[in-house]
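Quick one: the structure is below, and I'll ask about it shortly.
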Amino acid sequence: MTTTTAPTAPAVAPERRPGVRRPSLLRLTAVELRKLSDTRAGLWLLITIGLVTAVIVTLQLIYADAADQTFATFFVPSLLPVGVLLPVLGILSITAEWSQRTALVTYALVPRRERVVVAKLAAVVVAALASVLASLTVAAAGTLIAGATGGAGRWEFGEALLLNAVVFQVANVLMGAGFGLLLLNTPLAIVTYLLLPTVWSVVGELVPALRGPAGWLDTGRTMEPLFSSSLTGEQWARLGVSLLVWLAVPVVAGLVRTLRREVA
(Lines give C-alpha, C1' and ligand atoms only; values in the text may rest on other atoms or scores of the structure.)
Protein backbone atom coordinates (compact mmCIF):
# COMPACT_ATOMS: atom_id res chain seq x y z
CA MET A 1 0.00 0.00 0.00
CA THR A 2 1.45 3.27 -1.07
CA THR A 3 0.54 6.83 -0.16
CA THR A 4 1.03 9.99 -2.14
CA THR A 5 1.94 13.31 -0.64
CA ALA A 6 0.37 16.40 -2.13
CA PRO A 7 2.94 19.04 -3.03
CA THR A 8 3.00 22.00 -0.68
CA ALA A 9 2.62 25.46 -2.06
CA PRO A 10 5.62 27.71 -1.61
CA ALA A 11 5.32 30.20 1.18
CA VAL A 12 4.44 33.65 -0.05
CA ALA A 13 6.08 36.46 1.84
CA PRO A 14 3.63 39.19 2.84
CA GLU A 15 3.85 42.29 0.77
CA ARG A 16 5.67 45.04 2.54
CA ARG A 17 4.38 48.51 2.09
CA PRO A 18 6.39 51.50 3.07
CA GLY A 19 5.10 53.05 6.26
CA VAL A 20 3.39 56.40 6.07
CA ARG A 21 5.36 58.92 8.06
CA ARG A 22 3.48 61.62 9.85
CA PRO A 23 4.42 65.16 8.83
CA SER A 24 7.06 66.76 11.00
CA LEU A 25 6.31 69.78 13.14
CA LEU A 26 8.57 71.84 10.90
CA ARG A 27 6.53 70.87 7.85
CA LEU A 28 3.26 71.61 9.63
CA THR A 29 4.60 75.02 10.62
CA ALA A 30 5.55 75.72 7.01
CA VAL A 31 2.02 74.75 5.93
CA GLU A 32 0.51 77.08 8.53
CA LEU A 33 2.78 79.90 7.39
CA ARG A 34 1.51 79.45 3.86
CA LYS A 35 -2.07 79.50 5.13
CA LEU A 36 -1.49 82.95 6.63
CA SER A 37 -1.32 84.42 3.15
CA ASP A 38 -3.65 82.00 1.36
CA THR A 39 -6.81 83.83 2.39
CA ARG A 40 -7.63 87.32 1.17
CA ALA A 41 -7.99 88.64 4.72
CA GLY A 42 -4.64 87.23 5.82
CA LEU A 43 -2.84 88.49 2.73
CA TRP A 44 -4.17 92.03 3.05
CA LEU A 45 -3.41 92.05 6.75
CA LEU A 46 0.22 91.15 6.05
CA ILE A 47 0.39 93.85 3.36
CA THR A 48 -1.16 96.37 5.76
CA ILE A 49 1.42 95.56 8.44
CA GLY A 50 4.22 96.27 5.99
CA LEU A 51 2.60 99.47 4.72
CA VAL A 52 1.94 100.79 8.23
CA THR A 53 5.61 100.31 9.13
CA ALA A 54 6.71 102.21 6.03
CA VAL A 55 4.17 105.02 6.55
CA ILE A 56 5.27 105.59 10.16
CA VAL A 57 8.90 106.05 9.12
CA THR A 58 7.92 108.24 6.16
CA LEU A 59 5.90 110.57 8.40
CA GLN A 60 8.85 110.86 10.77
CA LEU A 61 11.15 111.77 7.88
CA ILE A 62 8.74 114.52 6.85
CA TYR A 63 7.62 115.97 10.19
CA ALA A 64 10.09 114.95 12.91
CA ASP A 65 12.89 117.26 13.98
CA ALA A 66 16.25 116.51 12.41
CA ALA A 67 17.76 115.68 15.80
CA ASP A 68 15.07 113.02 16.37
CA GLN A 69 15.66 111.19 13.11
CA THR A 70 17.69 108.31 14.51
CA PHE A 71 17.51 104.56 14.10
CA ALA A 72 15.91 104.02 17.51
CA THR A 73 13.28 106.72 17.00
CA PHE A 74 12.37 105.24 13.63
CA PHE A 75 12.17 101.72 15.03
CA VAL A 76 10.20 102.14 18.26
CA PRO A 77 7.12 104.01 16.94
CA SER A 78 6.55 101.36 14.28
CA LEU A 79 6.10 98.66 16.92
CA LEU A 80 2.81 99.88 18.38
CA PRO A 81 0.56 99.91 15.26
CA VAL A 82 2.03 96.60 14.11
CA GLY A 83 1.42 95.22 17.61
CA VAL A 84 -2.27 96.09 17.21
CA LEU A 85 -2.57 94.25 13.88
CA LEU A 86 -0.54 91.14 14.73
CA PRO A 87 -3.10 89.75 17.23
CA VAL A 88 -5.73 89.86 14.49
CA LEU A 89 -3.40 87.74 12.37
CA GLY A 90 -3.05 85.33 15.29
CA ILE A 91 -6.82 85.09 15.61
CA LEU A 92 -7.29 84.45 11.89
CA SER A 93 -4.67 81.71 11.90
CA ILE A 94 -6.64 79.78 14.53
CA THR A 95 -10.26 80.49 13.62
CA ALA A 96 -9.90 80.08 9.85
CA GLU A 97 -10.10 76.30 10.23
CA TRP A 98 -13.54 76.62 11.80
CA SER A 99 -14.98 79.59 9.92
CA GLN A 100 -14.01 78.13 6.53
CA ARG A 101 -15.00 74.59 7.57
CA THR A 102 -11.60 73.10 6.79
CA ALA A 103 -11.08 71.70 10.29
CA LEU A 104 -12.49 68.31 9.24
CA VAL A 105 -9.88 67.92 6.49
CA THR A 106 -7.03 69.26 8.64
CA TYR A 107 -7.72 67.00 11.60
CA ALA A 108 -8.37 64.01 9.35
CA LEU A 109 -4.88 64.42 7.85
CA VAL A 110 -3.30 65.16 11.24
CA PRO A 111 -5.45 63.46 13.91
CA ARG A 112 -3.37 64.76 16.80
CA ARG A 113 -4.86 68.21 17.11
CA GLU A 114 -2.29 69.47 19.56
CA ARG A 115 0.39 69.18 16.85
CA VAL A 116 -1.68 71.36 14.54
CA VAL A 117 -2.21 73.93 17.28
CA VAL A 118 1.51 74.02 18.14
CA ALA A 119 2.31 74.49 14.43
CA LYS A 120 -0.16 77.38 14.23
CA LEU A 121 1.36 79.03 17.29
CA ALA A 122 4.86 78.55 15.88
CA ALA A 123 3.75 80.07 12.56
CA VAL A 124 2.38 83.24 14.16
CA VAL A 125 5.54 83.56 16.28
CA VAL A 126 7.58 83.43 13.06
CA ALA A 127 5.28 86.10 11.62
CA ALA A 128 5.87 88.27 14.70
CA LEU A 129 9.64 87.87 14.36
CA ALA A 130 9.35 88.76 10.67
CA SER A 131 7.48 91.93 11.62
CA VAL A 132 10.34 92.94 13.93
CA LEU A 133 12.77 92.31 11.07
CA ALA A 134 10.60 94.45 8.79
CA SER A 135 10.61 97.26 11.35
CA LEU A 136 14.41 97.02 11.60
CA THR A 137 14.75 97.13 7.81
CA VAL A 138 12.47 100.12 7.36
CA ALA A 139 14.13 101.91 10.28
CA ALA A 140 17.52 101.33 8.68
CA ALA A 141 16.26 102.74 5.38
CA GLY A 142 14.84 105.75 7.21
CA THR A 143 18.15 106.33 8.99
CA LEU A 144 20.06 106.26 5.70
CA ILE A 145 17.61 108.70 4.12
CA ALA A 146 17.76 110.97 7.18
CA GLY A 147 21.56 111.04 7.06
CA ALA A 148 21.47 111.94 3.37
CA THR A 149 18.86 114.71 3.76
CA GLY A 150 20.26 116.57 6.74
CA GLY A 151 18.76 114.58 9.59
CA ALA A 152 20.69 113.17 12.53
CA GLY A 153 20.97 109.72 10.98
CA ARG A 154 22.50 108.22 14.12
CA TRP A 155 22.62 104.43 14.50
CA GLU A 156 22.40 104.31 18.29
CA PHE A 157 20.51 101.17 19.25
CA GLY A 158 20.65 98.94 22.32
CA GLU A 159 20.42 95.15 22.23
CA ALA A 160 17.93 95.27 25.11
CA LEU A 161 15.54 97.30 22.96
CA LEU A 162 15.61 94.61 20.29
CA LEU A 163 14.83 91.93 22.88
CA ASN A 164 11.98 94.04 24.23
CA ALA A 165 10.57 94.48 20.73
CA VAL A 166 10.61 90.72 20.16
CA VAL A 167 8.85 90.11 23.49
CA PHE A 168 6.26 92.79 22.68
CA GLN A 169 5.33 91.46 19.24
CA VAL A 170 5.43 87.76 20.16
CA ALA A 171 3.30 88.35 23.25
CA ASN A 172 0.76 90.34 21.25
CA VAL A 173 0.36 87.75 18.50
CA LEU A 174 0.10 84.90 21.01
CA MET A 175 -2.56 86.78 22.99
CA GLY A 176 -4.60 87.05 19.81
CA ALA A 177 -4.07 83.36 19.06
CA GLY A 178 -5.15 82.53 22.61
CA PHE A 179 -8.45 84.37 22.17
CA GLY A 180 -8.91 82.61 18.84
CA LEU A 181 -8.37 79.20 20.47
CA LEU A 182 -10.73 80.03 23.29
CA LEU A 183 -13.62 81.34 21.17
CA LEU A 184 -13.06 79.62 17.77
CA ASN A 185 -15.05 82.36 16.06
CA THR A 186 -13.34 85.13 14.10
CA PRO A 187 -15.65 88.14 14.72
CA LEU A 188 -16.25 87.23 18.36
CA ALA A 189 -12.55 86.69 19.05
CA ILE A 190 -11.50 89.97 17.41
CA VAL A 191 -14.15 92.04 19.20
CA THR A 192 -13.45 90.36 22.56
CA TYR A 193 -9.70 90.80 22.23
CA LEU A 194 -10.00 94.49 21.37
CA LEU A 195 -12.81 95.29 23.81
CA LEU A 196 -12.09 93.30 26.97
CA PRO A 197 -8.59 94.64 27.75
CA THR A 198 -9.75 98.18 26.91
CA VAL A 199 -12.71 97.92 29.29
CA TRP A 200 -10.43 96.54 32.00
CA SER A 201 -8.00 99.44 31.48
CA VAL A 202 -10.78 102.01 31.80
CA VAL A 203 -12.34 100.35 34.84
CA GLY A 204 -8.96 99.94 36.50
CA GLU A 205 -8.31 103.65 36.05
CA LEU A 206 -11.74 104.81 37.23
CA VAL A 207 -12.21 102.55 40.27
CA PRO A 208 -9.66 103.39 42.98
CA ALA A 209 -9.82 99.91 44.52
CA LEU A 210 -8.75 98.36 41.20
CA ARG A 211 -5.81 100.62 40.47
CA GLY A 212 -3.42 98.36 42.37
CA PRO A 213 -4.44 95.13 40.59
CA ALA A 214 -4.60 96.99 37.27
CA GLY A 215 -0.90 97.78 37.62
CA TRP A 216 -0.27 94.03 37.45
CA LEU A 217 -3.04 92.93 35.07
CA ASP A 218 -3.36 95.76 32.54
CA THR A 219 -1.15 94.85 29.57
CA GLY A 220 -1.34 98.46 28.38
CA ARG A 221 0.60 99.44 31.49
CA THR A 222 2.83 96.40 31.91
CA MET A 223 4.00 96.45 28.27
CA GLU A 224 4.73 100.17 28.17
CA PRO A 225 8.23 99.78 29.70
CA LEU A 226 9.17 97.51 26.77
CA PHE A 227 9.57 100.63 24.66
CA SER A 228 12.47 101.72 26.86
CA SER A 229 15.97 100.29 26.80
CA SER A 230 15.75 98.40 30.09
CA LEU A 231 13.21 97.05 32.57
CA THR A 232 13.50 96.62 36.32
CA GLY A 233 12.81 93.34 38.06
CA GLU A 234 9.42 94.56 39.25
CA GLN A 235 8.45 95.63 35.74
CA TRP A 236 9.33 92.16 34.38
CA ALA A 237 7.27 90.63 37.20
CA ARG A 238 4.25 92.80 36.37
CA LEU A 239 4.60 91.88 32.70
CA GLY A 240 4.80 88.19 33.56
CA VAL A 241 1.67 88.29 35.70
CA SER A 242 -0.35 90.15 33.07
CA LEU A 243 0.74 87.74 30.34
CA LEU A 244 -0.15 84.81 32.57
CA VAL A 245 -3.73 86.10 32.70
CA TRP A 246 -4.16 87.39 29.14
CA LEU A 247 -1.93 84.94 27.26
CA ALA A 248 -1.29 81.68 29.13
CA VAL A 249 -4.82 81.16 30.46
CA PRO A 250 -6.58 81.69 27.09
CA VAL A 251 -4.05 79.49 25.26
CA VAL A 252 -4.34 76.60 27.74
CA ALA A 253 -8.14 76.84 28.02
CA GLY A 254 -8.45 77.22 24.25
CA LEU A 255 -6.22 74.19 23.65
CA VAL A 256 -8.44 72.09 25.91
CA ARG A 257 -11.54 73.29 24.08
CA THR A 258 -10.01 72.64 20.68
CA LEU A 259 -9.02 69.10 21.64
CA ARG A 260 -12.50 68.30 22.90
CA ARG A 261 -14.67 70.06 20.33
CA GLU A 262 -16.55 67.96 17.81
CA VAL A 263 -15.58 68.60 14.21
CA ALA A 264 -18.56 68.83 11.88
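What you see is a predicted model, and the numbers here were worked out from it, not measured in a lab. All residue numbers refer to positions in the sequence shown, counting from 1.
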Kindly compute the distance separating OG1 (Thr222) from CG (Leu217), expressed to the nearest 0.5 Å. 8.5 Å
Any chance you could measure Trp200, atom CH2, to Asp218, atom CG, to the nearest 0.5 Å? 8.0 Å
Looking at Arg221 and Glu224, is there a salt bridge between them, counting it only when a charged N and a carboxylate O are closer than 4.0 Å? no
Give the intermediate values and the outcome of side chain to side chain contact (heavy atoms under 4.5 Å, CB included) for residues Val110 and Leu28. CA-CA 9 Å; Val110 187; Leu28 290 177; 3.9 Å; yes
Any ring pair (Phe, Tyr, Trp, His ring centres under 6.0 Å) pairs touching residues 124-167, not counting sequence neighbours? Phe71-Trp155, Phe71-Phe157, Phe75-Phe157
Can you tell me how far the CD1 atom of Ile49 sits from the CG atom of Leu45, to the nearest 0.5 Å? 4.5 Å
Heavy-atom count around Leu206 CG within 6.0 Å, excluding the residue itself: above 12? yes
For Ala66, check side-chain contact (heavy atoms from CB on, under 4.5 Å) against everything at least two apart and list the hits. none
Quick one: side-chain contact (heavy atoms from CB on, under 4.5 Å) partners of Val76, sequence neighbours excluded? Leu161, Phe227
Please report the interatomic distance CG(Leu80) to CG(Leu85), rounded to the nearest 0.5 Å. 10.0 Å
Please determine whether side chain to side chain contact (heavy atoms under 4.5 Å, CB included) holds for the pair Val31 and Lys35, giving the CA-CA distance in whole Å, both sets of side-chain angles, and the decisive distance to 0.1 Å. CA-CA 6 Å; Val31 171; Lys35 287 182 180 179; 4.0 Å; yes
Crowding at CD, Glu114 (>12 non-hydrogen neighbours, <6.0 Å): yes
Please name all residues satisfying side-chain contact (heavy atoms from CB on, under 4.5 Å) with Thr58, sequence neighbours left out, ordered by chain then number. Ile62
Hits for ring pair (Phe, Tyr, Trp, His ring centres under 6.0 Å) against Trp44, two or more places apart or cross-chain, chain-then-number order -> none
Please enumerate all residues that pass ring pair (Phe, Tyr, Trp, His ring centres under 6.0 Å) together with Tyr193, with sequence neighbours excluded. Phe179
Would you say CZ of Arg27 has more than 12 non-hydrogen atoms from neighbouring residues, nucleotides or ligands within 6.0 angstrom? no
Ala152 versus Ala67, closest heavy-atom pair with distance: CB-O, 3.8 Å
Report the distance from atom CE of Met223 to atom CG of Leu79, rounding to the nearest 0.5 Å. 12.0 Å
